[in-house]
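First up is the structure itself, then whatever we jot down about it.
The residues of the chain are indexed from 1 along the displayed sequence. All values below come from the heavy atoms of this structure, side chains included, with hydrogens, waters and symmetry mates left out. Whatever order the structure lists them in is the order used to number ligands and atoms, beginning at 1.
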Amino acid sequence: MSEIIEVGSHWLAVREAEDSRARSQDLARSVRSLLPDGPIIVHDLGSGTGSMMRWLAPLLPGPQTWVLHDWNASLTERALDGELPRDLLDAPISVRSRIGELARLEGADLEGASLVTASALLDVLTAPEAHAIVDACIEVGAAALFSLSVTGEVELRPWDARDKLYEAAFNGHQRREVHGRRLLGRYGGPIVRGLFGRARWNVRTARTSWRLDDREPQLLADWFDGWVDAAEEQCPELRDECAGYREFRRGQLDRGELSAVVHHLDLLVWPR
Ligand SMILES: C[S@@+](CC[C@H](N)C(=O)[O-])C[C@H]1O[C@@H](n2cnc3c(N)ncnc32)[C@H](O)[C@@H]1O
């Protein structure tokens, strides 16, 4: 197995409430009309600790079985250990996990799928992984909902000319090569949308946004620090060119004066 990029469960927990608020309810409602009657099986790809399941399971009818796919067993174990959500009619759901690399995903791994989901995944994939996922979905013919792929656009308020330099560097960092894996970054969502379009599947998109401000100062601070750290790792010269930027923004954040909109794309696809 190629080297795993560790995603911290702390970060997944800090962002979960905002992810839930931001994901497209409209697309989730449309999912319902695409499901077969009777028991459904949902395969959640790159499930992490199960945030997508906790958000979507209560919006869908049952009986529901979720299969959580991730290459990091310590994350899926947390999903199975924690309190499980209930379905639309408040009935319990059942959950199991499948540990493996999405690069090797095949139709057989999505056995019985009524729906495939993923959240915050497409931007951290490589091209072969994105192709494997699309091919597997097409093989099983189930609808798929891909929530919260970053588009690379960030709006900080109040405005500062240095924001754009950080945005460009952050977007470059998202496209970096990690242990031989070239990440898709902000192109992940559009590439997957294009692959399903080429297969003549129906495609619907929704622009979805994190809105971060002093209502959730910890999330704003964690997101901002991660954004600046990634940008400066990608372009170390920013530390000199934009000296004082981090401290200036942190001061605004501490005084409750900073807000950020982080744009994402949600994608719903289904066969014709
Ligand atoms: C940003 S996290 C999102 C987790 C979860 N969907 C959520 O919204 O909280 C991306 C997840 O995908 C998993 N992942 C990334 N690339 C993967 C790959 N190639 N194969 C399997 N899992 C992968 C990571 O371990 C991580 O749990």
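Residue contact annotation: A103 has no non-hydrogen atom under 4.0 Å from ligand 1. In this structure, G100 is part of the shell of residues with a heavy atom less than 4.0 angstrom from ligand 1.
For ligand 1, the atoms closer than 4.0 angstrom to any heavy atom of L75 are 27 (O). In the vicinity of E101, heavy-atom distances shorter than 4.0 Å reach the ligand 1 atoms 20 (N). Each of the following atoms of ligand 1 lies closer than 4.0 Å to a heavy atom of G48: 4 (C), 27 (O). Heavy-atom contacts of E129 reach the following atoms of ligand 1: 19 (N) (cutoff under 4.0 Å).
When the side-chain hydrogen bond (donor to acceptor under 3.5 Å, both in side chains) test is applied to S147, no partner is found at least two apart in sequence or on another chain. Listed by chain and residue number, C235, E241 satisfy the side-chain contact (heavy atoms from CB on, under 4.5 Å) test with E237 (two or more places apart in sequence, or in another chain).
Proximity of H10 to D222: side-chain heavy atoms (C-beta onward) are separated by under 4.5 Å at one or more points. Using a 4.5 Å heavy-atom cutoff, the side chains of N171 and R175 are not in contact.
By the criterion of a heavy-atom distance under 4.0 Å, both the backbone and the side chain of S119 are placed next to ligand 1. Counting heavy atoms under 4.0 Å from ligand 1, residue S47 touches it through the backbone alone.
Salt bridge present: D229 and R246 bring a charged side-chain N and a carboxylate O closer than 4.0 Å. Checked for salt-bridge contact, D26 and R204 meet the test: a charged N lies under 4.0 Å from a carboxylate O.
An N or O contact shorter than 3.5 Å is missing between L121 and ligand 1 by distance. Where the criterion is an N or O separation shorter than 3.5 Å, residue side chain and backbone included, W71 meets it with respect to ligand 1. Considering backbone and side-chain N/O atoms, G46 comes within less than 3.5 Å of an N/O atom of ligand 1.
At least one test fails for R272 against the ring of W201: distance under 6.0 Å to the centre or angle within 45° of the axis.
Classification of the W227-F224 ring pair by plane angle, with boundaries at 30° and 60°, yields tilted.
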